[in-house]
Amino acid sequence: MLKSINNNEALGIIFPNSYDGLVPELVTERLMASIPFASRYRLVDFIISGMARAGIDNISLIARENYQSLMDHLGSGREWDLARKNGGLNIIPPFAQKNVKVYNGRVEALESIKTFLVSQKEKYVVMADANFAANIDFHALLDVHRKSGADITAVYRKQEIPASFKKPVGTSHDLYYTFDIEGNRVKQLFVNSKRDGEVNFSMNVYVIERELLIRLVDEAFVLGFTCFERDVIAPQIDMLDVQGYCFDGYVAQITDMKSYFDENMNLLKEENLQGLFGPGQIYTKIRDDNPTRYIKGAKVSNIMAADGCVIEGEVENSVLFRGVKVKKGAKVKNCVLMQDTVIGENACVEYVITDKDVTITDGKSLMGTDSFQVYVSKKQTV
């Protein structure tokens, strides 16, 4: 059970559908936040675990679509110590109430839960997307925000803009943001910059006083605005005190299918694994499985395997989720195999991503490349 620091001054709001359009293959039946990652987790686990460890025990997720898998995964929030009568974990689907609709941006999403925001007691709101895995110390973030006296604290990291974000409009309707920072003050916010080289890339994680957030969202909604960063922060950047908070920890950022594959494979390196999981424990839904079994004759090298796997064949440089079965004579190399995938006898797969409940039948061969992985969708048999 999670033991958290008392920090009831803040509530958390997560937008689980952000950047769905970047990975259409993975979100046909789920949303970005519930994409499986790192053999036994979902992307949302990292944000919720970080918030819960900081004592934020009132967390809402405003869903837009495909939220059934998110509800199945999070349940009552027990694994994060968020199964509570007051506060706790709250998933808000569209049309849950009369004013909660399918939103187009953070302004509409926040306006739809205005009654909820007004009724809460916490002073601060921490807002975040869930398109990345990172071990953020939200306790430290809130402490910096309080001491700075800023109106808004924006989390960013120094990195190059992902190539998939620079593609022509049409690949995704989501926006991304970069900052021009002097000292710690954000002096300018750029929308969909195409700049080369290292930039101050927004992680879309913000801390703001609850009453200020309500006022800003009300004003923007009346004017028909939708995007919090583009329509609220950017035009008022000179009037608002927006402070930057540079996150220099490990981040696995999902921007397309190639990055999904690469970020999973990167965790086969010990330094990356420690960078993501070392700063604080990450919690996830419990599935009561046996430990992974390696049957006589099995050969494995440099793999990450969750509980419940049964390996009889050869597996190399691969990430295996819960319940994966690799049968006798099968060869698996450079693959990401999601929950309950079955690789049949004498089958051969390389550079393959399988979704949940996929079966590769006996003797089949499936080959991708390092630059283009073969993806097999959920419950398919090859």
Side-chain angles (χ1 to χ4, degrees), residues 8-19 47 51 56 58-65 67 86-130 138 141-142 145-146 148-155 173-177 179 185-192 202-245:
N8 55 13
E9 281 191 291
L11 62 88
I13 296 178
I14 300 172
F15 303 90
N17 286 100
S18 295
Y19 300 106
I47 294 296
M51 288 183 175
I56 300 173
N58 184 358
I59 301 174
S60 295
L61 296 94
I62 312 177
R64 188 169 61 206
E65 58 187 352
Y67 51 85
N86 298 313
L89 190 66
N90 181 29
I91 300 175
I92 306 171
F95 311 112
Q97 300 173 9
K98 183 174 64 174
N99 57 329
V100 180
K101 298 179 174 62
V102 179
Y103 60 87
N104 291 315
R106 285 191 180 191
V107 169
E108 290 185 0
L110 292 166
E111 182 67 24
S112 73
I113 63 164
K114 177 184 172 181
T115 303
F116 166 78
L117 288 173
V118 169
S119 68
Q120 300 308 293
K121 65 182 185 303
E122 289 84 357
K123 183 175 182 180
Y124 302 105
V125 176
V126 181
M127 299 188 292
D129 290 336
F138 286 99
L141 172 61
L142 282 161
H145 178 78
R146 280 189 289 255
S148 71
D151 293 317
I152 301 172
T153 297
V155 181
H173 297 293
D174 291 294
L175 306 176
Y176 63 90
Y177 308 95
F179 302 139
R185 179 77 180 263
V186 178
K187 303 297 289 184
Q188 197 166 357
L189 185 151
F190 302 96
V191 181
N192 289 6
S202 174
M203 294 179 67
N204 293 351
V205 177
Y206 300 94
V207 182
I208 182 173
E209 283 197 14
R210 179 175 55 84
E211 292 184 358
L212 174 60
L213 177 65
I214 293 169
R215 178 172 66 80
L216 291 175
V217 168
D218 273 349
E219 292 172 356
F221 185 74
V222 168
L223 295 172
F225 295 149
T226 57
C227 297
F228 182 74
E229 295 89 345
R230 182 193 66 191
D231 301 330
V232 177
I233 298 179
Q236 304 183 70
I237 200 71
D238 293 329
M239 294 177 285
L240 294 169
D241 181 5
V242 183
Q243 296 284 314
Y245 179 92

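Residue indices begin at 1 and follow the sequence shown.
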Check your understanding: Shortest non-hydrogen contact from Gly244 to Val186?
Key -> N-CG2, 3.8 Å
Point to revise | Glu108 side chain to Asn104 backbone, donor-acceptor under 3.5 Å | key: yes
Practice item. Not counting sequence neighbours, which residues clear side chain to side chain contact (heavy atoms under 4.5 Å, CB included) with Tyr245? List them please. Key: Ala140, Leu141, Val144, Thr153, Val155
Review point. For the atom pair CG (Leu89) and CD1 (Ile91), what is the distance rounded to the nearest 0.5 Å?
Key: 5.5 Å
Practice item. Could you please spell out the steps behind the side-chain contact (heavy atoms from CB on, under 4.5 Å) verdict for Asn204 and Tyr176? Key: CA-CA 8 Å; Asn204 293 351; Tyr176 63 90; over 6 Å; no
Check your understanding: Short question: side chain of Arg64, backbone of Pro94 - any donor-acceptor pair under 3.5 Å?
Key -> no
**Study point:** Pairwise distance CD1(Ile47) to CG(Asp129) - rounded to 0.5 angstrom
**Key:** 8.5 Å
Exercise for review: Could you list the residues that satisfy side chain to side chain contact (heavy atoms under 4.5 Å, CB included) with Val222, not counting sequence neighbours?
Suggested key: none
Review point. Below 4.0 angstrom, N of the basic side chain to O of the carboxylate: do Arg215 and Glu219 qualify?
Key: yes
Exercise for review: Identify which one of Leu213, Val125, Leu142 satisfies the side chain to side chain contact (heavy atoms under 4.5 Å, CB included) criterion when paired with Val207.
Suggested key: Leu142
Check your understanding: Which pair of non-hydrogen atoms, one from Ala10 and one from Val126, has the smallest distance, and what is that distance?
Key -> CB-CG2, 4.3 Å
Practice item. Tell me yes or no: between the side chains of Asn17 and Glu65, is some donor less than 3.5 Å from an acceptor? Key: no
Point to revise | Note, Phe179 side chain near Ser202 side chain (heavy atom, < 4.5 Å) | key: yes
Review point. Are side-chain heavy atoms of Glu229 and Leu189 found at a separation under 4.5 Å?
Key: yes
Check your understanding: Between the main-chain N or O of Val191 and the side-chain N or O of Arg230, is there a donor-acceptor pair closer than 3.5 Å?
Key -> no
Practice item. State the CD-CD1 distance between Glu209 and Ile214, to the nearest 0.5 angstrom. Key: 11.0 Å
Study note, to complete from the structure: In this structure, CG of Leu117 is separated from OG of Ser60 (nearest 0.5 Å) by 8.0 Å
Practice item. Side-chain contact test, heavy atoms from C-beta onward, threshold under 4.5 Å: evaluate it for Met127 versus Leu110 and give yes or no. Key: yes
Check your understanding: Going through the checks in order, is the side-chain contact (heavy atoms from CB on, under 4.5 Å) test met by Arg146 and Tyr124?
Key -> CA-CA 9 Å; Arg146 280 189 289 255; Tyr124 302 105; 3.3 Å; yes
Point to revise | Side chain to side chain, Cys227 and Tyr177, heavy atoms closer than 4.5 Å | key: yes
Exercise for review: Check whether any side-chain heavy atom of Gln120 lies under 4.5 Å from a side-chain heavy atom of Asn58, and answer yes or no.
Suggested key: yes
Check your understanding: Where is the tightest heavy-atom contact between Phe228 and Arg106, given as atom of each residue plus distance?
Key -> CB-CB, 3.8 Å
Point to revise | Any residue meeting side chain to side chain contact (heavy atoms under 4.5 Å, CB included) with Gln188, in chain and number order, not counting sequence neighbours | key: Asp180, Phe190
Exercise for review: Under the side-chain contact (heavy atoms from CB on, under 4.5 Å) rule, what do Phe221 and Ser112 come out as? Steps first, then yes or no, please.
Suggested key: CA-CA 10 Å; Phe221 185 74; Ser112 73; over 6 Å; no
Review point. Could Arg185 and Asp238 be called an ion pair, given the rule that one side-chain N must be under 4.0 Å from one carboxylate O?
Key: no
Study note, to complete from the structure: All heavy atoms of His145 vs all of Asp151, minimum pair found to be CE1-O, 3.8 Å
**Study point:** Heavy-atom closest contact (Ile56 atom, Gly12 atom, distance)
**Key:** CG2-N, 3.6 Å
Exercise for review: Could you grab the distance from atom CD1 of Ile14 to atom CG of Leu61, nearest 0.5 Å is fine?
Suggested key: 4.5 Å
Point to revise | Glu211, CD atom: more than 12 neighbouring heavy atoms under 6.0 Å | key: no
Point to revise | Test item: Val107 and Val232 side chains (from C-beta on) under 4.5 Å apart, heavy atoms | key: yes
Practice item. Taking all non-hydrogen atoms of both residues into account, name the closest pair between Ile13 and Ile113 and its distance. Key: CD1-CD1, 4.0 Å
Review point. side-chain contact (heavy atoms from CB on, under 4.5 Å) between Arg210 and Lys123: does it pass, once the steps are laid out?
Key: CA-CA 6 Å; Arg210 179 175 55 84; Lys123 183 175 182 180; over 6 Å; no
